[in-house]
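Below: one structure, written as structure tokens.
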Amino acid sequence: MPELPEVETVRQGLLKRALRRRLAAVEVYHPQVIAGQASEFAQNLAGRRIESVTRKGKVLALELVGKNGATPCYLMVRLGMTGQLTVVPQEMPLEPHTHVRMPFEKSGAEIRYRDPRRFGRLRYCSREQLDQVFASLGPDAPEITPEDFFRSMKGRRGAIKGWLLNQRILSGLGNIYADEALFEAGIHPLAQPGRLAQTAARRLYRAVKKVLARAVALQGTSFRDYIDIEGQPGNFQPRLKVYQRTGEPCRRCGRAIRRIVVCGRSSHFCPKCQPRTHHLTAASPVRAARQRLPRRKSAGL
DNA sequence: GCAAGCCTGACC
DNA sequence: GGTCAGGCTTGC
């Protein structure tokens, strides 16, 4: 699952393999992965040259300029769950679920977008539109200051796990690194951000940065689908302490790792290293009742 | 049937 | 505004 370390690895790969390349053409095989009109997307990008590749959180942005050096435009990429961007020889047979091809001019290579579950999106946009999307995201997780981090926790009563996953607060964490950071900090996924002790909040701040830095250094984590630009998997899997290790012994204390669902996401934690303190154990009766009843669909009724 | 990121919409 | 469930999708 591409989270910040995986997206950053892809960005670095694009810098190496796609920078200053001109797109000879843009072919879309599955318009569903394009935000907006696929024909417009293809027409606007074809013939342009990749000038830079930036990232905020899990969002990638390729800056492209036309031949006349007119206003640059942007190719925004969200990989979703199973999205893969690769740079491969044009003659390489198309893998199943390849939705977009962008062959380079004067090079035998091309960029391909493949995405079996099609949760990812490619979007053609202006600088203003890109800025809008970036502005809607909280600070990139490795960049967030302690002041912003602690301020955003104030008064928050929902689960810390959901808080870490909220891209408007800080951007880049997904399920893997949220679980890993909470383990690193010794905090239970249901703890309340606004009620964390100062020491715990500080541990979490450091844990987020540490876990992400390590994962970036190891080119990310590959579960099923993630690969980098060259098709290589990441190397962080052996360093995972809790994620997808339900029932296995904690690497710190030996207790069996547990799995619970928090905010609809599976959450893995060590019951001994991440004790259930600093949060209300009693749910309010109203909320408990709401959770018991499946909500009715609003459409179609 | 579950996993995931992101969006929408319901509820307080 | 905060919070969270549900839906999308398909390979395992």
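Naming: A, B, ... by sequence-line order, numbering from 1 per chain. Just so you know, these numbers use all the heavy atoms, side chains as well, and skip hydrogens, waters and symmetry mates.
- Residue A/R117 places a side-chain atom within donor-acceptor reach of the base of B/dA3, judged by atom type and a 3.5 Å distance cut-off alone.
- Within 4.0 Å of A/S266, counting heavy atoms only, lie sugar-phosphate atoms of the nucleic acid but no base atom.
- Side-chain nitrogen and oxygen atoms of A/H97 include at least one within less than 4.0 Å of the OP1 or OP2 phosphate oxygen of C/dG11.
- For the pair A/H268 NE2 and B/dC2 C1', the computed distance is 11 Å after rounding to whole Å.
- Between A/K161 atom NZ and B/dG5 atom P the separation is 9 Å, expressed in whole Å.
- Between A/R121 atom CZ and B/dC7 atom P there is a gap of 10 Å when expressed in whole angstrom units.
- For the pair A/E3 CD and B/dA3 P, the computed distance is 15 Å after rounding to whole Å.
- In the set B/dC6, B/dG5, C/dG2, B/dG5 carries the atom at the smallest distance from any side-chain atom of A/N175.
- Between the NE2 atom in A/H97 and the CD atom in A/Q84 there is a gap of 10.0 Å [rounded to 0.5 Å].
- Per the geometry, NZ belonging to A/K56 stands 14 Å off P belonging to B/dC6, to the nearest Å.
- Side-chain N/O atoms of A/R265 and base N/O atoms of B/dG5 include a donor-acceptor pair closer than 3.5 Å.
- Between A/R259 and B/dC2 there is no side-chain polar atom (N or O) within less than 4.0 angstrom of OP1 or OP2.
- To the nearest 0.5 angstrom, A/T221 atom OG1 is 11.5 Å from A/Q244 atom CD.
- Summarising the geometry, the separation between CD1 on A/I169 and C1' on B/dG5 is reported as 16 Å, rounded to the nearest angstrom.
- The side chain of A/Q244 lies closest to B/dA3, out of C/dC8, B/dA3, C/dT10.
- Within the 4.0 Å cut-off from OP1 or OP2 of C/dT9, at least one side-chain nitrogen or oxygen of A/Q32 is found.
- C/dG11 atom C1' lies 11 Å from atom CZ of A/R114, rounded to whole Å.
- Looking at A/T98, its side chain does come within 3.5 Å of a backbone N or O of A/E95 through a donor-acceptor pair.
- Regarding contacts with the backbone of C/dT3, every side-chain N or O of A/R157 stays at 4.0 angstrom or more from both OP1 and OP2.
- For A/F119 and C/dT9, the CZ to P distance is 8 Å, given to the nearest whole Å.
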Derivation of the ring pair (Phe, Tyr, Trp, His ring centres under 6.0 Å) call for A/F236 and A/Y177: CA-CA 11 Å; A/F236 194 75; A/Y177 300 112; 5.8 Å; yes

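- Within the structure, every side-chain polar atom (N or O) of A/R78 is placed at least 4.0 Å from both OP1 and OP2 of B/dG5.
- Ranking B/dA3, B/dG5, C/dT3 by closeness to the A/Y243 side chain, first place goes to B/dA3.
- A/F149 and A/Y205 have their aromatic ring centers within a separation under 6.0 angstrom.
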